[in-house]
Amino acid sequence: MHLEELHLVDVRSYVTADVLLEPGVSLFVGKNGQGKTNLLEAVQRVATGGSHRVASDAPLVRVPSDDDTTTPEVGVIRALLRTDEGRRRTVELEVGTGRRTRTRVDGQDVRRAADAVGVLRAVLFAPEDLAIVRDEPAQRRDFLDDLLVQRRPAYAATRGEYDRVLRQRNALLKQLRKGERRGAGDADATLAVFDQQLAHHGATVWAARLAAVHALSGPVDRAYRTVADRPEPVTLTYQSSTGEEVVGEVGTGVPDPGPLHEVLTAAIADAAADERRRGTTLVGPHRDELLLQIGRMPARGYASHGETWSLALALKLGVHDVVAEVGDSPIVLLDDVFAELDETRRARLAEACADFDQVLVTAAVEADVPLDGVRYDVALEDGHSTVRRRS
C-alpha cells in the first residue's frame, strides 16, 4: 500500500496543503516547529482514528492568526491511497471541536468513524513511543490495543464494550463504598450482571492481547538484534492481574477465551470484598501488564537510553510485520527518529526501510537521514506551514 495524495485544510499549522507522494521514501525537511510532524499526525489520524500527540480532535483544527477574520470550525484531512492490489481508495475526515467527526470512505458517508479505520494502514514511530518502554503499564496496554485495531479493526468494538462495562461497574462499586446505593439486593443483582459481562468481554480482550504478544514475539526479537546490533534476546511476557503469566511464543495463535473466562470469573469473585471496600475494579485486562525484557533484565528501569530507543523502534518494526500479515502492507511513518540514533543504528534502520512499500520521514537535519528518495521542504510563511517538493 502507498499514499498517493494528502490534502489538508485548516489542520494544525496548515491553511491548505496538497502533497503528492510516491512509493518509496519521502523526506520532509525543515527546522523544528515548522509543521513536519503535523503531516504525519494527519496520516496517523486517518489510519488509526487517533493522534499520537493528543487525545481529542480539537487541537487538530487550525488556530487562527491575528490577521485572520474568521475562526475555522473544522479541519479537513483527505487521503488518496492505492492498495497492494492496485485499487484506488479515498478517506476524508472533517474534524472539529465539540462535534462528531464526519467521515467519508470512497466518497460515501460512513455511519461510524471507526468504519474508516484500517482503510489506510500506517505504523508510526515517534519520540513519544519511548513511553512504551519507560512509562506505566497503561502505555503498553495501549500499544497492544492499537496493534490489534490495526490488524483487526473490529477489535475496537470489543475493547469498547469492555470499557463500557468497566465504567458502569466502577460507578456502582463507588456508590456502594460511599453507602449511596439504596436497596442492597438490587445492587448485588446488578453487580452480578456486571461481573458476568466483565468476565465475558475481559476474556475476549485477554485472548486477543495474548495473540498479539505471540505474533509480536519473534519479529520484535529479530528487529531488536538487527537495529541494536546486540546479541541479547528480547522477551515479551503478558502478565494478567489474575496472576497468570504467558510468555510470547511464535505461532501459538489465538487462545480459547473459554478457560480465560473461567480464570477471570474466579479472580473477580476472590476480589469481591476488597473491591467493595476500595470502590473500584481490581481484576481485568485494564490492570494487566506487558513485561519487556532485554536478556534477563526488565527494560523498564534498567535499559540504557540507546537500548530504550532500539527496543521502542523494534516494537514498531514488529507491528509493521504483524499488521502486514493480514491485508495491505502498512505505510511507515518516522517522525524525527534518525537524529536520536547513532551512526550504526541509523544505517541499520535505513536497511530495514528498504523492505517497506512507503516510508514518510521527518528531519530537521537532512544529513541525519541516510535514505534516498523524494525531498520536501517544510517552512513557516506568514505564520502558516508550507510544504514544497524539490524539483
Side-chain angles (χ1 to χ4, degrees), residues 1 84 118 121-125 129-130 132-133 137 139-152 155 205-240 244-257 260 285 288-300 302-303 306-334 337 341 344-345 347-357 359:
M1 168 180 288
D84 289 349
R121 311 183 96 195
V123 175
L124 171 79
F125 182 65
D129 290 320
L130 295 180
I132 299 171
V133 179
Q139 297 286 344
R140 289 174 286 284
R141 292 194 295 267
D142 289 345
F143 165 73
L144 288 178
D145 289 341
D146 290 345
L147 162 61
L148 288 163
V149 171
Q150 280 272 76
R151 187 175 167 97
R152 303 286 188 188
Y155 175 78
V205 170
W206 188 2
R209 286 183 181 171
L210 287 177
V213 172
H214 293 152
L216 276 172
S217 181
V220 171
D221 180 52
R222 290 192 297 271
Y224 179 80
R225 294 174 191 241
T226 297
V227 172
D229 194 24
R230 298 284 296 273
E232 297 90 347
V234 168
T235 305
L236 281 62
T237 304
Y238 192 83
Q239 298 178 321
S240 168
E244 297 287 327
E245 288 192 358
V246 176
V247 177
E249 297 179 4
V250 181
T252 306
V254 182
D256 180 2
L260 302 180
D288 292 353
E289 164 71 298
L290 173 63
L291 178 63
L292 306 173
Q293 290 179 270
I294 301 175
R296 296 184 178 182
M297 302 300 294
R300 186 188 178 199
Y302 289 91
E307 289 171 336
T308 299
W309 268 95
S310 296
L311 180 53
L313 181 55
L315 288 168
K316 286 307 183 82
L317 294 176
V319 168
H320 176 277
D321 290 353
V322 171
V323 170
E325 290 176 353
V326 180
D328 291 298
S329 179
I331 299 166
V332 174
L333 311 175
L334 301 176
V337 171
L341 302 177
T344 298
R345 290 184 172 90
R348 290 185 174 274
L349 176 57
E351 291 175 8
C353 288
D355 295 330
F356 304 142
D357 291 346
V359 185

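A quick note: this is a predicted structure, and the numbers were derived from the prediction, not measured.
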Nearest heavy-atom neighbours spanning [X] and [Y]:
X	Y	value
Arg225	Pro233	NH2-CB, 3.2 Å
Pro255	His214	CG-CE1, 4.3 Å
Pro219	Val322	CG-CG2, 4.4 Å

Atom [atom1] in [X], atom [atom2] in [Y]: separation rounded to 0.5 Å?
X	Y	atom1	atom2	result
Arg141	Tyr238	CZ	OH	8.0 Å
Leu311	Arg300	CG	CZ	13.5 Å
Glu307	Glu232	CD	CD	6.5 Å
Gln139	Leu130	CD	CG	11.0 Å
Leu313	Leu341	CG	CG	6.5 Å
Glu244	Leu260	CD	CG	8.5 Å

Keeping Asp357 on the side-chain end and Pro330 on the backbone end, is there a donor-acceptor pair under 3.5 Å? no
Would you find a donor on one side and an acceptor on the other, under 3.5 Å apart, between the side chain of Arg348 and the backbone of Ala228? no
Quick one, [X] and [Y] - any side-chain contact, counting heavy atoms below 4.5 Å?
X	Y	value
Leu216	Leu236	yes
Arg152	Leu148	no
Leu334	Val359	yes
Leu315	Leu292	yes
Val123	Ile331	no
Pro257	Trp206	no
Leu290	Gln239	no
Val227	Trp309	no

Take Leu291 and Gln293 through the test side-chain contact (heavy atoms from CB on, under 4.5 Å) and record every step on the way to the result. CA-CA 6 Å; Leu291 178 63; Gln293 290 179 270; 3.8 Å; yes
If you apply the rule side-chain contact (heavy atoms from CB on, under 4.5 Å), what do you find for Val332 with Phe125, and how did you get there? CA-CA 8 Å; Val332 174; Phe125 182 65; over 6 Å; no
Applying the salt bridge (charged side-chain N to carboxylate O under 4.0 Å, His left out) test to Asp145, which of Arg151, Arg209, Arg140 qualifies? Arg209
Looking at Asp129 and Lys316, does any basic side-chain N land under 4.0 Å from a carboxylate oxygen? yes
Would you call the rings of Phe356 and His320 parallel, tilted or perpendicular, taking 30° and 60° as the class edges? tilted
Could you please spell out the steps behind the side-chain contact (heavy atoms from CB on, under 4.5 Å) verdict for Val213 and Leu144? CA-CA 8 Å; Val213 172; Leu144 288 178; 4.1 Å; yes
Asp84 vs Ser329, test: side-chain contact (heavy atoms from CB on, under 4.5 Å). Steps then yes/no. CA-CA 7 Å; Asp84 289 349; Ser329 179; 3.9 Å; yes
Tell me, with the steps shown, if Arg345 and Ser310 meet side-chain hydrogen bond (donor to acceptor under 3.5 Å, both in side chains). CA-CA 8 Å; Arg345 290 184 172 90; Ser310 296; 2.5 Å; yes
